Number of protein chains: 2
Amino acid sequence: MDLIFHALADTTRRDILTRVMSTEQSVSALARRYDMSFAAVQKHVAVLERASLVTKQRQGREQIVQGDPGTLRRARRLLDDYEDLWRMRVSAIDDLLAEETPGTAGRDPNTTTH
Amino acid sequence: MDLIFHALADTTRRDILTRVMSTEQSVSALARRYDMSFAAVQKHVAVLERASLVTKQRQGREQIVQGDPGTLRRARRLLDDYEDLWRMRVSAIDDLLAEETPGTAGRDPNTTTH
DNA sequence: CTAACGTACAACCAAATGGTTGTAGATACG
DNA sequence: CGTATCTACAACCATTTGGTTGTACGTTAG
């Protein structure tokens, strides 16, 4: 998890991810889009790869990069879990209020049912 | 966004977030749970606060920390967007296949309709 | 009032990050 | 064949990170 979120905590890497999620591309094709050295982009891809957000696949002399939706889902699920915690906490307070003053539902504006 | 994901890229911080999402707590109450100095935990909370994942609220001499579900939602949405990119890409390939060999739907096992 | 508690913040340190340049090995092209 | 392209990787550098300790200050408890 540390690896996943760390990989996502960089604008360039998120941009690379955006690109390869919709179209798989070679590392050099990606590098051409950014104002930094090939080696720098190569490192960014390596970080994404270590996090399993991306996979590489050799094709001749090129290395084709493609996104991995499975890892993305795992990350999203974690965020969902945090939101669930919040909802449970609020509903616990709601229950308490409902018990004390029945009829006064007191909905929390931050709580969104999906 | 960098701040948000960077804040999430640390086990201790995610653990703090888990705690305050379900129950708001003072910084020192949090600090007692971890095998590190108060100052270290204080810094972790500061990182979460800079990322707006958490808000602090003074109460006498204590500083009460509570989770912010809104920021969490923003992060989750971004991950959703990446998954959407993937689905659009796959469906584009599907359309192409459907056009070439109608009847052979060829569903991608990675694609999950929500 | 005094002592203990909760917090803020500075100074310091080792390790990791994000970038660079340079070198070298495969693979494709003319 | 020779040359250009794509990749890998090492060495280096400035900055940030995650931790420490120490000091100072407002607030609560005895």
Side-chain angles (χ1 to χ4, degrees), chain A residues 1-21 23-68 71 75 78 82, chain B residues 1-20 23-68 71 75 78:
Chain A
M1 273 299 167
D2 288 29
L3 291 178
I4 300 178
F5 286 117
H6 170 251
L8 290 169
D10 181 283
T11 310
T12 305
R13 281 195 293 265
R14 284 198 305 278
D15 199 74
I16 290 177
L17 191 55
T18 311
R19 288 209 155 89
V20 300
M21 282 305 280
T23 312
E24 56 183 30
Q25 289 177 54
S26 73
V27 179
S28 54
L30 285 168
R32 263 177 247 123
R33 319 271 181 171
Y34 304 97
D35 188 27
M36 64 180 83
S37 68
F38 171 83
V41 175
Q42 201 180 16
K43 279 192 188 179
H44 281 305
V45 172
V47 171
L48 287 167
E49 193 184 13
R50 265 194 308 141
S52 300
L53 282 166
V54 136
T55 57
K56 286 194 298 187
Q57 187 184 352
R58 190 152 227 120
Q59 208 165 98
R61 70 180 161 184
E62 290 186 331
Q63 197 82 260
I64 305 298
V65 184
Q66 52 194 1
D68 181 338
T71 308
L78 189 74
Y82 287 127
Chain B
M1 273 300 165
D2 288 28
L3 290 178
I4 300 177
F5 286 117
H6 169 251
L8 290 169
D10 180 283
T11 310
T12 305
R13 282 195 294 264
R14 284 199 306 278
D15 198 73
I16 290 176
L17 190 57
T18 310
R19 288 209 155 89
V20 299
T23 312
E24 57 184 28
Q25 290 176 55
S26 74
V27 179
S28 54
L30 286 168
R32 263 176 247 122
R33 319 270 181 171
Y34 303 98
D35 187 27
M36 65 179 84
S37 69
F38 172 81
V41 175
Q42 201 180 17
K43 279 194 189 177
H44 280 306
V45 172
V47 171
L48 288 166
E49 193 185 14
R50 267 194 307 141
S52 300
L53 281 166
V54 135
T55 56
K56 285 195 298 188
Q57 188 184 351
R58 188 151 230 121
Q59 207 164 97
R61 71 180 160 183
E62 291 186 331
Q63 196 82 260
I64 306 298
V65 184
Q66 52 194 2
D68 182 337
T71 308
L78 189 76

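All values reported here derive from a predicted model rather than from experimental measurement. Letters A, B, ... mirror the listed sequences (proteins, then strands); counts begin at 1.
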>> So if I take residues 45-53 of chain A and measure heavy-atom distances to DNA chain C, which residues fall below 4.0 Å?
In response: none
> For B/A29, what residues pass the side-chain contact (heavy atoms from CB on, under 4.5 Å) criterion, not counting sequence neighbours?
Replying inline: B/Q25, B/S26, B/R32
> Taking A/R13 for the side chain and A/H6 for the main chain, is one N or O donor matched with an acceptor at less than 3.5 Å?
Replying inline: yes
>> Among residues at least two apart in sequence or on other chains, which ones pass side-chain contact (heavy atoms from CB on, under 4.5 Å) with A/A46?
In response: none
> Tell me: CD of A/E62 to C1' of D/dA4, nearest whole Å?
Replying inline: 14 Å
> Between B/D15 and B/Y34, which heavy-atom pair has the shortest distance, and what is it?
Replying inline: OD2-OH, 2.5 Å
> Quick one: side-chain hydrogen bond (donor to acceptor under 3.5 Å, both in side chains) partners of A/T55, sequence neighbours excluded?
Replying inline: none
> What is the nucleic acid contact for A/S26, judged by heavy atoms within less than 4.0 Å: base, sugar-phosphate only, or nothing?
Replying inline: sugar-phosphate
> Rounded to the nearest Å, what distance is computed from the NE2 atom of residue A/H44 to the P atom of nucleotide C/dT17?
Replying inline: 12 Å
> With A/E62, which residues qualify under salt bridge (charged side-chain N to carboxylate O under 4.0 Å, His left out), at least two apart?
Replying inline: none
> Taking all atoms of both residues into account, what is the closest heavy-atom pair of B/F38 and B/V27, and its distance?
Replying inline: CE1-CG1, 3.8 Å
>> Quick check against the 3.5 Å criterion: does A/S52 have a side-chain atom that pairs as donor or acceptor with the backbone of A/T71?
In response: no
>> Going by side-chain hydrogen bond (donor to acceptor under 3.5 Å, both in side chains), name the residues that satisfy it together with B/R14, two or more places apart in sequence or in a different chain.
In response: A/D2
>> At less than 4.0 Å, is any side-chain N or O atom of B/H6 found next to OP1 or OP2 of C/dA16? Yes or no.
In response: no
> In whole Å, what is the span from the CD1 atom of B/I16 to the C1' atom of D/dG19?
Replying inline: 13 Å
>> At less than 4.0 Å, is any side-chain N or O atom of B/K43 found next to OP1 or OP2 of D/dT16? Yes or no.
In response: no
>> Quick check on D/dA8: is either OP1 or OP2 less than 4.0 Å from any side-chain nitrogen or oxygen of A/Q42?
In response: yes
> Rounded to whole angstroms, how far apart are CD on B/Q63 and P on C/dC9?
Replying inline: 10 Å
>> If the condition is side-chain hydrogen bond (donor to acceptor under 3.5 Å, both in side chains), which residues does A/Q57 pass it with, not counting sequence neighbours?
In response: A/Q66
> What parts of residues 31-41 of chain B reach DNA chain D, counting only heavy atoms under 4.0 Å away?
Replying inline: B/M36, B/S37, B/A39, B/A40
> What is the distance from CD of A/Q25 to P of D/dC6, rounded to the nearest Å?
Replying inline: 13 Å
> With respect to the phosphate group of C/dT7, does any side-chain polar atom (N or O) of B/S28 fall under 4.0 Å of OP1 or OP2?
Replying inline: yes
>> Looking at every non-hydrogen atom in both residues, tell me the closest pair between A/I16 and A/L48 and how far apart they are.
In response: CG2-CD1, 3.7 Å
> In chain order, what residues pass the side-chain contact (heavy atoms from CB on, under 4.5 Å) check against A/R61, with sequence neighbours excluded?
Replying inline: none
> By side-chain contact (heavy atoms from CB on, under 4.5 Å), which residues pair with B/T18, not counting sequence neighbours?
Replying inline: A/Y82, A/L85
>> Would you say A/K56 places a side-chain N or O within less than 4.0 Å of OP1 or OP2 belonging to D/dC6?
In response: no
Within the sub-3.5 Å range, which N or O atoms of nucleotides 26-30 of chain C have a protein N or O partner, and how far apart are they?
| unit_1 | atom_1 | unit_2 | atom_2 | d |
| --- | --- | --- | --- | --- |
| C/dT27 | O2 | A/R61 | NH1 | 3.4 |

> Axis-to-axis angle across the helix from C/dC1-D/dG30 to C/dG30-D/dC1, five pairs an end, to 10 degrees?
Replying inline: 20°
> Rounded to whole angstroms, how far apart are CG on B/L8 and P on D/dT17?
Replying inline: 15 Å
